[in-house]
Amino acid sequence: MADMIVNAVPPLTQHPGGFIRDTLLPEFGLSVAETARRIGVDRAGFHGVLTGKYDVSRDLAYKLGALMNDAVADLLIAYQHAYDLEKERDKRAAYREKIERLPVPA
């Protein structure tokens, strides 16, 4: 099952909350309300993560990992990090254009 979940990770253009909503919850047969209750988080706040309003925090990833599978926590943390980097790709490029890079030390 863990292999199936890892292979289901969408492109980094989708917020990781959408992956939780569209893949993880259905895979485990969970509703938003039941998941929030089981892991001890506010349902409205959890819904905000699932809709992309809020990031997947490490705490939330750990709680979902405890509920589902430890590999889920690692996957969500890596996914959120990669999503954040992808989201800021243009910002990084803009800084590179404005700031003269130092030569690599010998």
Side-chain angles (χ1 to χ4, degrees):
M1 181 198 62
D3 291 339
M4 192 168 76
I5 291 171
V6 171
N7 292 332
V9 175
L12 293 176
T13 54
Q14 181 185 8
H15 186 277
F19 174 71
I20 296 168
R21 179 193 64 232
D22 299 339
T23 303
L24 291 180
L25 296 186
E27 178 70 25
F28 287 90
L30 294 166
S31 69
V32 173
E34 180 183 2
T35 304
R37 181 186 58 75
R38 285 177 175 257
I39 63 175
V41 299
D42 176 67
R43 189 205 56 77
F46 184 53
H47 185 266
V49 171
L50 302 181
T51 60
K53 184 176 180 181
Y54 307 120
D55 289 343
V56 177
S57 68
R58 286 183 182 265
D59 266 2
L60 179 59
Y62 295 147
K63 288 176 179 185
L64 290 169
L67 178 65
M68 299 173 182
N69 179 317
D70 287 338
V72 167
D74 297 338
L75 174 67
L76 290 174
I77 291 166
Y79 188 166
Q80 182 67 56
H81 179 71
Y83 176 80
D84 291 344
L85 289 174
E86 182 64 26
K87 218 171 45 171
E88 294 185 345
R89 180 180 291 223
D90 292 342
K91 183 188 288 187
R92 292 177 72 182
Y95 284 138
R96 282 195 306 272
E97 289 179 18
K98 293 178 185 175
I99 298 172
E100 182 181 348
R101 190 168 292 210
L102 295 172
V104 177

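Since we're looking at a predicted model, the values are computed, not measured.
Taking each heavy atom of V72 and G65 in turn, the nearest pair found is CB-CA, 4.4 Å. Minimum interatomic distance between Y83 and Q14 (heavy atoms only, all atoms of both residues): CD1-O, 3.6 Å. The shortest heavy-atom contact between E34 and G29 is OE1-O, 4.3 Å. A pairwise comparison of heavy atoms in R92 and L85 identifies NH1-CD2, 4.2 Å as the closest pair. Taking all atoms of both residues into account, the shortest heavy-atom contact from I39 to K63 is O-CD, 3.5 Å. The two atoms that bring A61 and A73 nearest to each other are O-CB, 3.2 Å, heavy atoms only.
If you take OH on Y79 and CG on D84, they are separated by 11.0 Å, rounding to the nearest 0.5 Å. Distance check: F28 CZ to L64 CG gives 9.5 Å after rounding to the nearest 0.5 Å. Of the inter-residue distances, the one linking E100 atom CD with L102 atom CG reads 7.5 Å to the nearest 0.5 angstrom. To the nearest 0.5 Å, atoms NZ (K87) and CG (D55) are separated by 5.5 Å. One finds the NZ atom of K98 at 13.0 Å from the CZ atom of R96 (value rounded to the nearest 0.5 Å).
R43 places no side-chain N or O within 3.5 Å of a backbone atom of A36 that could act as its donor or acceptor partner. The closest donor-acceptor contact from the side chain of T51 to the backbone of G48 lies under 3.5 Å. A donor-acceptor distance shorter than 3.5 angstrom exists from the side chain of H15 to the backbone of Y54, with no hydrogens or angles considered.
Side-chain contact between I20 and T35 is absent, with no heavy atoms from C-beta onward closer than 4.5 Å. For the pair V56/F19, no side-chain contact is recorded, criterion being any heavy-atom separation below 4.5 Å from C-beta on.
Hydrophobic clustering, with ILVMFWY side chains joined whenever heavy atoms are under 4.5 angstrom apart, groups L75 together with L25.
Only one option out of L30, L67, L76 pairs with L24 in a side-chain contact (heavy atoms from CB on, under 4.5 Å); it is L76.
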